[in-house]
Q: 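Right, I'll just put the structure down here and ask away after.
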Amino acid sequence: MGRFEMEVWYQSPYPEDSARGSKMFICQYCLKYLRCRTSLERHNAKCVWRFPPGDEIYRKDALSVFEVDGRRFKSYCQNLCLLAKLFLDNKTLYFDVEPFLFYVMTVADSEGCHVVGYFSKVSPAAAGGSQPARRRPALGNTATAAQRPPQITVHLTDPVG
């Protein structure tokens, strides 16, 4: 990915034609996966992405967090999940990304924003809103606090090189 070569820990359900060889190449900006270095070099010459799609919701120095809607940016989120599966044994979300919001952490340099980690949670719109439709007055905010927290998946990478 990018200029880094990483050994993976687990298998990921990438399409067979992309994952046939001993190496797979991934664009560090749009996360598109390719079979050979030549294809990656051609792709890099045309790829206009330099940061994740979605809204930048946090920035401090070179660190940024982008909120990426799985419904709006389905392909990017699927590719992010496929990449994460290479390092997480119990990762089960790959293709059904529409109901999730992804929070992608990046580190910026002169070339662009490089993904260093992410987590995901169920979108409030997919969950039917963040507040229960009805609650008894005696419960006050307890009903909201007692709701089950969203499932969170964390993936951090450390470049090997």
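Every value quoted in this text rests on a predicted model; they were computed, and no experiment measured them.
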Q: Listed by chain and number, what are the side-chain contact (heavy atoms from CB on, under 4.5 Å) partners of Glu98, not counting sequence neighbours?
A: Arg71, Lys74, Asp96

Q: Which heavy-atom pair separates Cys77 from Phe102 by the least distance, and what is that distance?
A: SG-CD1, 3.4 Å

Q: Side chains of Val65 and Val104, heavy atoms from C-beta outward: is any pair under 4.5 Å?
A: no

Q: If you define the side chain from C-beta out and look only at heavy atoms, does anything of Asp109 sit under 4.5 Å from His114?
A: yes

Q: Between Tyr103 and Leu101, which heavy-atom pair has the shortest distance, and what is it?
A: OH-CD1, 3.5 Å

Q: Output every pair passing side chain to side chain donor-acceptor pair (under 3.5 Å) with a member in residues 38-50, not counting sequence neighbours, ordered by first then second residue.
A: none

Q: Classify the ring geometry between Phe51 and Phe66 as parallel (under 30°), tilted (30 to 60°) or perpendicular (over 60°).
A: parallel

Q: Find the distance between SG (Cys30) and CG (Leu80) and round it off to the nearest 0.5 Å.
A: 12.0 Å

Q: Could you walk me through whether Leu31 and Cys27 pass side-chain contact (heavy atoms from CB on, under 4.5 Å), step by step?
A: CA-CA 5 Å; Leu31 306 182; Cys27 175; over 6 Å; no

Q: Is Ile26 close to Gln28 at the side-chain level, that is, under 4.5 Å between some pair of heavy atoms?
A: no

Q: With a 4.5 Å cut-off on side-chain heavy atoms, are Val107 and Cys113 touching?
A: no

Q: Quick check: closest heavy atoms across Tyr118 and Ala84, and the distance to 0.1 Å?
A: OH-CB, 3.5 Å

Q: Suppose the criterion is salt bridge (charged side-chain N to carboxylate O under 4.0 Å, His left out): which pairs have a residue in residues 53-64, not counting sequence neighbours?
A: Glu56-Arg59

Q: What residues, two or more places apart in sequence or in another chain, satisfy side-chain contact (heavy atoms from CB on, under 4.5 Å) together with Arg72?
A: Asp69

Q: Evaluate the side-chain contact (heavy atoms from CB on, under 4.5 Å) criterion for residues Leu34 and Met24: first the C-alpha distance (whole Å), next the side-chain angles of each, then the deciding distance (0.1 Å), finally the verdict.
A: CA-CA 6 Å; Leu34 303 133; Met24 184 171 55; over 6 Å; no

Q: Holding to side-chain contact (heavy atoms from CB on, under 4.5 Å), I want the full list of residues that pass it with Phe73, two or more places apart in sequence or in another chain.
A: Pro53, Val68, Tyr76

Q: Whether the side chain of Ser12 engages the backbone of Leu83 through a donor-acceptor N/O pair (distance < 3.5 Å, no angle test) should be reported.
A: no

Q: Using a 4.5 Å cut-off on heavy atoms from C-beta on, say whether the side chain of Tyr29 contacts that of Glu111.
A: yes

Q: How long is the straight-line distance from CD of Glu67 back to OG of Ser123, given to the nearest 0.5 Å?
A: 8.0 Å

